[in-house]
Amino acid sequence: MFDNLSDRLEAIYKKLKGRGVLKEADVDAALREIRVALIEADVSLPVIKDFIAEVRVKAVGQEVLKSLTPGHQMVKIVNDDLTHLLGDEFVDIQFAAKPPTIILMAGLQGSGKTTTVGKLAKRFKEKGKNCLLVPADVYRPAAIEQLHVLGREIGVEVFDAGEEKDPIAICKKALDEAVNKMSQVVLIDTAGRQQVDDVLMDELKRIKQTVQPHEVLFVADAMMGQQSADIAKTFDDAIGIDGVILTKMDGDARGGAAFSIKRVTGKPIRFIGMGEKLDALEP
Ligand SMILES: Nc1nc2c(ncn2[C@@H]2O[C@H](COP(=O)(O)OP(=O)(O)OP(=O)(O)O)[C@@H](O)[C@H]2O)c(=O)[nH]1
Ligand SMILES: [Mg+2]
């Protein structure tokens with residue numbers, strides 16, 4: 001996910017590892033380079049500042065300078081912290097003990113919610129789970145049809161909302177149907193707005209209350225870079241999110257959004273979207 005950043009860090013590490021002796025000034029020089037690498041990866045400044053300060057305290061505090069392999073120690077500290085920052089390991093979506101597992105998607109307009117519903121459904125289907133997709137985006141005329149097209153493409157059922165125009169009513173009916181049909185996973189596609197607005201948040205809150213989802217996934221466009229961290233925070237504060245899916249990582253996004261979102265919300269990045277195709281989803 002961070003090829004450029006990894007290459008940059010690798011180069012910095014190489015310089016460090018070769019050193020027999022490391023002075024505090026060397027640590028600072030290395031941290032400055034790491035700082036630049038993170039800035040170029042589009043990680044937000046407050047996040048970088050915290051990160052560097054933490055690493056520095058550890059590097060100097062753990063007597064790295066006096067150790068026999070200071071370069072290695074330093075690299076280990078940076079790597080441990082980076083890994084920790086991004087979530088120690090991949091946490092897959094947990095299925096509920098009592099099906100259906102209900103997943104609610106939320107995010108701004110065009111972030112990739114509907115496409116990701118399709119990708120997740122395909123993934124679940126491959127794991128032998130039968131899914132029901134729920135079109136709760138009643139504002140954009142083509143939104144419901146878009147979900148039906150996706151459903152047909154992957155062979156997954158889509159709830160037929162009929163003439164119903166109230167997203168909350170749609171969700172209620174869809175849940176009844178899911179129980180009747182013994183669906184194992186219910187994926188709810190919601191409307192997006194161009195920016196955070198109270199009406200949308202209120203609607204999402206009410207949908208959440210109604211469906212009591214096991215997982216609320218915030219979908220963010222990686223191309224939005226650092227800005228996405230603030231948006232993620234707003235969604236988390238307003239409705240509460242459990243995880244993040246970062247889409248469009250196949251573009252020239254530099255991955256900094258992932259660091260910043262993780263740091264600011266403390267929520268794990270569940271998946272990244274790597275393209276428009278339905279199998280372009282990676283843990
Ligand atoms: N390159 C790339 N494009 C993606 C990815 N995910 C989604 N897209 C594209 O982004 C555009 C918007 O995706 P949608 O899934 O319709 O976004 P949405 O969040 O449902 O949008 P609204 O319903 O309008 O709020 C589409 O053209 C998708 O093909 C991805 O991982 N990579
Ligand atoms: Mg959509």
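Each ligand, and each atom within it, is numbered from 1 in the order the structure gives.
Ligand 1 has no nitrogen or oxygen under 3.5 angstrom from a nitrogen or oxygen of Ala191. Considering both main-chain and side-chain atoms, Gly112 comes within under 3.5 Å of ligand 1 through a nitrogen or oxygen pair. No N or O atom of Thr116 sits closer than 3.5 Å to an N or O atom of ligand 1. For ligand 1, none of its N or O atoms has an N or O atom of Ala280 under 3.5 Å away. Polar contact check, Thr114 against ligand 1: a nitrogen or oxygen pair lies under 3.5 Å apart.
The residue among Arg193, Glu276, Lys113 with a heavy atom at the shortest distance from atom 19 (O) of ligand 1 is Lys113. Remark: among candidates Gly110, Gly107, Ala220, the nearest residue to atom 12 (C) of ligand 1 is Gly110, based on non-hydrogen atoms. Of the listed options Ile272, Thr190, Asp250, Asp250 places a heavy atom closest to atom 2 (C) of ligand 1. When the heavy-atom distances from atom 28 (C) of ligand 1 to Thr115, Leu246, Leu108 are ranked, the shortest goes to Thr115.
Counting atoms of ligand 1 from 1 in the listed order, those under 4.0 Å from a heavy atom of Asp137 are 23 (O). Below 4.0 Å from some heavy atom of Gly192 lie the following atoms of ligand 1, by number and element: 25 (O). Those atoms of ligand 1 with a heavy atom of Gly273 less than 4.0 angstrom away are 31 (O).
Atom NZ of Lys49 sits in a sparse spot, with 12 or fewer heavy atoms from other residues, nucleotides or ligands closer than 6.0 Å. A 6.0 Å sphere centred on CG of Asp198 holds no more than 12 heavy atoms belonging to other residues, nucleotides or ligands.
No option in Ile154, Asn130, Ile103, Val156 other than Ile103 meets the side chain to side chain contact (heavy atoms under 4.5 Å, CB included) test with Phe124.
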Check the pair Glu282, Met249 against side chain to side chain contact (heavy atoms under 4.5 Å, CB included), reporting the backbone distance first and the verdict last. CA-CA 10 Å; Glu282 295 180 9; Met249 284 294 289; over 6 Å; no

Step-by-step side chain to side chain contact (heavy atoms under 4.5 Å, CB included) determination, Tyr13 to Met74: CA-CA 9 Å; Tyr13 292 167; Met74 172 86 189; over 6 Å; no

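Note on Arg152 versus Glu145: salt bridge recorded, some NZ/NE/NH1/NH2 to OD/OE distance being below 4.0 Å. Between Asp176 and Lys172 no salt bridge is recorded (no basic side-chain N to carboxylate O distance below 4.0 Å). Checked for salt-bridge contact, Lys58 and Glu54 miss the test: no charged N lies under 4.0 Å from a carboxylate O.
Of the heavy atoms in Asp189, none comes closer than 4.0 Å to ligand 1. When non-hydrogen atoms are compared, ligand 1 lies under 4.0 Å from the backbone of Met274 (N, CA, C, O) but not from its side chain. Contact annotation: for Glu282 versus ligand 1, there are no heavy atoms closer than 4.0 Å.
Within the structure, ligand 1 has Lys119 among the residues with a heavy atom less than 4.0 angstrom away. Heavy-atom separations between Ser111 and ligand 1 include at least one value shorter than 4.0 Å. Heavy-atom separations between Met249 and ligand 1 are all 4.0 Å or longer.
To the nearest 0.5 angstrom, Ser44 atom OG is 12.0 Å from Gln227 atom CD.
Shortest non-hydrogen contact noted between Asp250 and Met274 is CB-O, 3.1 Å. Taking all atoms of both residues into account, the shortest heavy-atom contact from Arg123 to Leu281 is CD-CD2, 4.2 Å. Contact between Ala143 and Asp137 at its shortest, heavy atoms only, is CB-OD2, 3.3 Å. Annotation for Glu203 and Ile168: closest pair O-CD1, 4.5 Å, computed over non-hydrogen atoms.
Of all protein heavy atoms, the one closest to atom 16 (O) of ligand 1 is Gln146 NE2, 3.0 Å. Protein heavy atom at the shortest distance from atom 23 (O) of ligand 1 is Arg140 NH2, 3.2 Å. Counting protein heavy atoms only, atom 9 (C) of ligand 1 is closest to Lys248 CE, 4.1 Å. Atom 5 (C) of ligand 1 has its closest protein heavy atom at Gly275 O, 3.5 Å.
Inside a sphere of radius 2.8 Å centred on the Mg ion (ligand 2), the protein N/O/S atoms present are Thr114 OG1.
Panel note: side chain Lys277, backbone Lys119; no donor-acceptor pair is recorded below 3.5 Å. Put simply, the side chain of Asp236 gets close to the backbone of Ile241: a donor and an acceptor are under 3.5 Å apart. A distance-only check finds no donor-acceptor pair linking the side chain of Ser260 to the backbone of Val43 [under 3.5 Å].
Listed by first and then second residue, the side-chain hydrogen bond (donor to acceptor under 3.5 Å, both in side chains) pairs involving residues 26-38 are Lys15-Glu33, Arg19-Asp26, Asp28-Arg56 (not counting sequence neighbours).
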